[in-house]
Amino acid sequence: MKKSIYIETTIPSSYYDIRPEAEAVARRQWTRAWWDFERADYEVVTGVGVIHELQRGSHPYQAEKLALVAKLKILPISKEIVEIVAVYINNKVMPAEPTGDALHLATASYQKIDILLTWNCKHIANAKKLDHIKRINATLGLTTPLLITPLNLIGEYQHVH
């Protein structure tokens with residue numbers, strides 16, 4: 001059985017990132033290497049929150065970012081997920097934005113997703129926050145997905161351009 005991966009908003013955003021800074025270029029290359037060559041090894045899903053974030057405002061390659069995730073299974077927001085989001089925010093696990101990071105983590109945790117893939121290393125893939133996240137999830141009876149970046153999944157993949 002393939003491991004499941006929840007695609008958070010920063011993944012399609014990084015896939016189409018056009019900024020010339022070295023960090024942005026590296027993220028784009030690593031994201032594309034994983035998406036184009038490794039993704040098929042996983043059951044890849046996303047959430048309604050990701051679609052809403054990508055639809056918000058106007059930004060470069062907006063249609064392409066939405067198209068990238070359009071064929072993925074889109075996990076809905078349930079009453080239980082909304083309640084988990086509130087617990088995360090009340091316990092300062094995630095920023096007080098109910099449609100952002102807390103929603104992604106709550107969706108992935110509630111749906112028992114194996115991996116939450118993100119470039120958000122400040123609020124999600126942050127080793128300093130992991131124990132707090134795991135404690136709150138354990139209290140809620142939830143497992144915590146592995147919170148990592150595409151770089152963690154491409155390993156020794158050599159076709160990064």
Side-chain angles (χ1 to χ4, degrees), residues 2-75 77 81 85 88-89 92-111 113-134 137 144-161:
K2 291 182 178 183
K3 288 192 180 254
S4 57
I5 293 186
Y6 178 97
I7 298 298
E8 185 265 343
T9 313
T10 58
I11 300 304
S13 293
S14 293
Y15 191 96
Y16 284 104
D17 195 341
I18 57 174
R19 293 176 297 161
E21 295 83 16
E23 182 180 328
V25 170
R27 277 193 215 174
R28 181 178 65 239
Q29 290 174 338
W30 292 325
T31 301
R32 287 180 177 185
W34 180 80
W35 190 273
D36 295 342
F37 303 105
E38 308 277 343
R39 176 176 46 106
D41 294 338
Y42 302 91
E43 177 193 346
V44 182
V45 302
T46 195
V48 170
V50 171
I51 304 304
H52 290 160
E53 284 182 324
L54 291 173
Q55 289 173 335
R56 195 177 307 148
S58 177
H59 41 91
Y61 294 98
Q62 186 172 21
E64 289 83 352
K65 293 170 192 174
L66 284 161
L68 199 64
V69 297
K71 293 182 181 167
L72 301 179
K73 178 180 178 184
I74 299 173
L75 303 174
I77 300 170
I81 290 172
V85 167
Y88 288 167
I89 292 171
K92 299 186 183 343
V93 173
M94 291 287 142
E97 170 52 52
T99 62
D101 302 333
L103 179 58
H104 302 309
L105 179 60
T107 301
S109 297
Y110 180 76
Q111 296 289 344
I113 302 299
D114 297 308
I115 299 167
L116 192 164
L117 198 63
T118 183
W119 281 112
N120 182 339
C121 297
K122 182 175 182 181
H123 298 127
I124 300 175
N126 181 331
K128 291 181 179 183
K129 296 185 74 157
L130 185 57
D131 286 340
H132 190 199
I133 291 168
K134 284 183 172 183
N137 272 357
T144 301
L146 193 58
L147 308 172
I148 59 174
T149 70
L151 181 58
N152 300 114
L153 292 177
I154 59 175
E156 296 181 30
Y157 187 73
Q158 299 299 314
H159 293 88
V160 178
H161 305 292

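By the 30° and 60° cut-offs, the orientation of the rings of Y61 relative to Y16 is parallel.
Residues L105 and Y6 form no side-chain contact, since every pair of their non-hydrogen atoms from C-beta on lies 4.5 Å or further apart. Taking 4.5 Å as the limit, every side-chain heavy atom of T31 sits out of range of all side-chain heavy atoms of S13. Looking at D101 and Y88, their side chains never come closer than 4.5 Å, going by heavy atoms from C-beta outward. The shortest side-chain heavy-atom distance between W34 and I5 falls under the 4.5 Å cut-off. Using a 4.5 Å cut-off on side-chain heavy atoms (C-beta onward), L153 and Y42 make contact. Looking at V50 and I7, their side chains never come closer than 4.5 Å, going by heavy atoms from C-beta outward.
Between atom CD of residue E21 and atom CZ of residue R28 there is a gap of 10.5 Å, rounded to the nearest 0.5 Å. Here the straight-line distance linking atom CG of L130 with atom OG1 of T144 works out to 7.0 Å at 0.5 Å rounding. Rounded to the nearest 0.5 Å, atoms CG (D36) and CD1 (I154) are 11.5 Å apart. A distance of 6.0 Å separates CG in L54 from NE2 in H59, rounded to the nearest 0.5 Å. In this structure, T46 OG1 and L72 CG are separated by 6.5 Å, a value rounded to the nearest 0.5 Å.
S14 and D17 share no donor-acceptor pair across their side chains, judged by distance under 3.5 Å alone. With hydrogens and angles left out, the side-chain atoms of Y110 and N137 include no donor and acceptor closer than 3.5 Å. If you check the side chains of W30 and T149, you find no donor sitting under 3.5 Å from an acceptor. For the residue pair H104 and E53, a side-chain donor N or O sits within less than 3.5 Å of a side-chain acceptor on the partner.
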Step-by-step side chain to side chain contact (heavy atoms under 4.5 Å, CB included) determination, L146 to D114: CA-CA 6 Å; L146 193 58; D114 297 308; over 6 Å; no
Criterion side chain to side chain contact (heavy atoms under 4.5 Å, CB included) on V48 and I74, from CA distance to verdict: CA-CA 6 Å; V48 170; I74 299 173; 3.8 Å; yes
Go through the steps to decide whether I124 and E8 satisfy the test side chain to side chain contact (heavy atoms under 4.5 Å, CB included), and finish with yes or no. CA-CA 10 Å; I124 300 175; E8 185 265 343; 4.1 Å; yes
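Under the 3.5 Å distance criterion, the side-chain polar atoms of T10 are left unmatched by any main-chain donor or acceptor of T118. Although no hydrogens or angles enter the test, the distance criterion places no donor-acceptor pair under 3.5 Å between the side chain of Q111 and the main chain of I113. In this structure, the side chain of Q62 engages the main chain of Q55 through a donor-acceptor pair within 3.5 Å. One N or O on the side chain of K129 and one on the backbone of V93 form a donor-acceptor pair closer than 3.5 Å.
Between P12 and V69, the shortest heavy-atom distance links the atoms CG-CG1, 3.9 Å. Heavy atoms only, all atoms of each residue included: C121 and N126 are closest at O-CB, 3.3 Å. Closest non-hydrogen pair, K2 versus D41, comes out as CG-O, 3.6 Å. When all heavy atoms are compared, the tightest approach of V85 to A106 is CG2-CB, 3.7 Å. Nearest heavy-atom pair, H123 versus M94, reported as atom, atom and distance to 0.1 Å: O-CE, 2.8 Å. Of all non-hydrogen atoms in I18 and P60, the two that sit nearest each other are CD1-CB, 4.0 Å.
Within a 6.0 Å radius of CD in E23, no more than 12 heavy atoms belonging to other residues, nucleotides or ligands are found. Heavy atoms from other residues, nucleotides or ligands lying under 6.0 Å from NZ of K134 number 12 at most.
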